[in-house]
Amino acid sequence: MDFKRRRLFGGSMSLGALTLLTGCDISDHESVQKALALVSRWNDRVQAAIFGADRLAPTFAEDQAVKAFRYNAWYGPDRSPRLDDATYRLTLAGQIADKRPWTIERLHALPRVSQITRHVCVEGWSMIGKWSGAPLRDFLGQIGADTTARYVGFECADGYYEGIDMPTALHPQTLMVFQLSDDILPTRYGYPFKIRIPTKLGFKNPKFVTTIYVTNQQPRGFWTDRGYNWFSGI
Ligand SMILES: Nc1nc2c(c(=O)[nH]1)N[C@H]1C(S)=C(S)[C@@H](COP(=O)(O)O)O[C@H]1N2
Ligand SMILES: [Mo]
């Protein structure tokens, strides 16, 4: 992680600085909330502007990858949706030329690469894991996605939803992962696949993906709707 960037865009800011930045009267709770929302949107714009497709997240050695990876979602692992190979279809929508739905069998036949990277959760834990799958940019190419559009959005079987900007979708380390620790992705980790984005916080990595869509409208995010930054790069 880049320390200087952290300092610039990191969490703390005095109320005085906030007043200067936003020109708002921040003497009451509502104004503070509005001022913080403004700063948050400004943060998203600055982060998007400095994000480079050539800036790679750090990778690690095979023996640094944790096998018993930590589970996280807004509910317990026993309630994870179990998607059935026979009936599952990946739905494609929006600015995509070939919207034919994909079976798990077809998804599993996509050429895979492996990645050993750190997953960072906003709740204060991080873990190095090994994931394998298809680069999202290859898949977007194969389905004829309009990569001049601004965003790619995801919907999930558990009601979760996320979205990323096109540069992040086309980033070489952004993968549709079908394996964790060399095993088929277990149910609770997002079977049949999870979007693994090592340049983003954990919550921007949707599991149990059922729909991928391409759009010019910024997709909503489950945790962004609950107050976290939309861009959330690391
Ligand atoms: N569908 C779905 N995806 C999700 C979540 C979720 O609740 N539902 N939680 C997110 C959060 S906050 C984290 S930290 C990671 C956890 O992924 P893991 O269980 O593979 O460690 O999944 C992310 N993707
Ligand atoms: Mo998270």
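Start at 1 with the first residue, then count along the sequence. Computed from a predicted model, the values in this text were never measured in an experiment. Whatever order the structure lists them in is the order used to number ligands and atoms, beginning at 1. When reading the values below, keep in mind they use all heavy atoms of this one structure, side chains included, and skip hydrogens, waters and symmetry mates.
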Practice item. Under the side-chain contact (heavy atoms from CB on, under 4.5 Å) rule, collect the residues that match up with T187, sequence neighbours excluded. Key: S80, R82
If you look at each N/O of ligand 1, which protein N/O atoms lie under 3.5 Å away, and at what distance?
unit_1: ligand 1; atom_1: 1 (N); unit_2: D158; atom_2: OD1; d: 3.0
unit_1: ligand 1; atom_1: 1 (N); unit_2: D158; atom_2: OD2; d: 3.0
unit_1: ligand 1; atom_1: 1 (N); unit_2: K207; atom_2: O; d: 3.0
unit_1: ligand 1; atom_1: 3 (N); unit_2: K207; atom_2: N; d: 3.0
unit_1: ligand 1; atom_1: 7 (O); unit_2: W74; atom_2: N; d: 3.3
unit_1: ligand 1; atom_1: 7 (O); unit_2: W74; atom_2: NE1; d: 3.4
unit_1: ligand 1; atom_1: 8 (N); unit_2: D158; atom_2: OD2; d: 2.8
unit_1: ligand 1; atom_1: 17 (O); unit_2: K194; atom_2: NZ; d: 3.1
unit_1: ligand 1; atom_1: 19 (O); unit_2: N72; atom_2: N; d: 3.0
unit_1: ligand 1; atom_1: 19 (O); unit_2: N72; atom_2: O; d: 3.4
unit_1: ligand 1; atom_1: 19 (O); unit_2: K207; atom_2: NZ; d: 2.6
unit_1: ligand 1; atom_1: 20 (O); unit_2: K194; atom_2: NZ; d: 3.0
unit_1: ligand 1; atom_1: 21 (O); unit_2: R70; atom_2: O; d: 2.6
unit_1: ligand 1; atom_1: 24 (N); unit_2: N205; atom_2: O; d: 2.9

Check your understanding: Does F60 have K130 sitting over its ring (NZ/CZ under 6.0 Å from centre, angle to axis within 45°)?
Key -> no
Exercise for review: Kindly write out the residues that satisfy ring-ring contact (aromatic ring centres under 6.0 Å, His included) with F222, not counting sequence neighbours, or none if the list is empty.
Suggested key: W74, Y160, Y161
Review point. Between R150 and Q218, do the side chains contain an N or O donor and an N or O acceptor separated by less than 3.5 Å?
Key: no
Check your understanding: Of W102, F193, F178, which meets ring pair (Phe, Tyr, Trp, His ring centres under 6.0 Å) against F139?
Key -> W102
Practice item. Mind checking side-chain contact (heavy atoms from CB on, under 4.5 Å) for V122 and listing every partner two or more places apart, or none if nothing turns up? Key: L201, F203, Y228
